[in-house]
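Presented below is the structure to which this report refers.
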Amino acid sequence: MPRLKSVKRRDLIRRLRGFGFDGPYSGGKHQFMQRGDLALVVPNPHQSDIGAELLARILRQAGISKSEWERT
């Protein structure tokens, strides 16, 4: 299984759009992206990258495998 690397927020959003997510939309405390009935919270790291551990949790919630993520 490939190891995940940290990613910039704008790259996360761009790649999630490639998987069919729309947004980001304004929410309560965080923005979110949506695909069908699934709403996925998008973190705001304030100028730093989103770490591999957080990225893994986001992908798990989105139903995207690590290998699918690496192919995009």
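Starting from 1, each residue takes its place in the sequence as its number.
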Who are the side-chain contact (heavy atoms from CB on, under 4.5 Å) partners of Phe32, not counting sequence neighbours? Tyr25, Gln34, Ala39
Applying side chain to side chain contact (heavy atoms under 4.5 Å, CB included) to Ile13 and Phe21, what does each step give before you reach the verdict? CA-CA 9 Å; Ile13 291 170; Phe21 283 87; over 6 Å; no
Pairwise side-chain contact, Arg3 with Lys66, heavy-atom cut-off 4.5 Å (strictly under): no
Give me the one residue out of Leu54, Leu55, Leu59 that meets side-chain contact (heavy atoms from CB on, under 4.5 Å) with Leu12. Leu55
Whether the side chain of Arg35 engages the backbone of Phe19 through a donor-acceptor N/O pair (distance < 3.5 Å, no angle test) should be reported. yes
If the threshold is 4.0 Å, N to carboxylate O, is there a salt bridge linking Arg14 and Asp11? yes
How far apart are the closest heavy atoms of Gly51 and Ser6, and which atoms are they? CA-CB, 4.1 Å
Taking every non-hydrogen atom, the tightest pair across Arg17 and Gly23: NH2-O, 2.7 Å
Mind checking the CG-CD1 spacing from Leu16 to Ile64? Nearest 0.5 Å is all I need. 5.5 Å
Backbone N or O of Asp49 within a donor-acceptor pair of the Arg9 side chain at under 3.5 Å? no
Is the backbone N or O of Ser65 less than 3.5 Å from a side-chain atom of Glu68, with the two atoms forming a donor-acceptor pair by type? yes
In short, Val41 meets His30 closest at the heavy-atom pair CG1-CB, 3.6 Å
Starting at NZ of Lys5, measure out to CD of Glu70 and round the result to the nearest 0.5 Å. 7.0 Å
Heavy-atom pair with the smallest gap, counting every atom of Ala52 and Leu4: CB-O, 3.5 Å
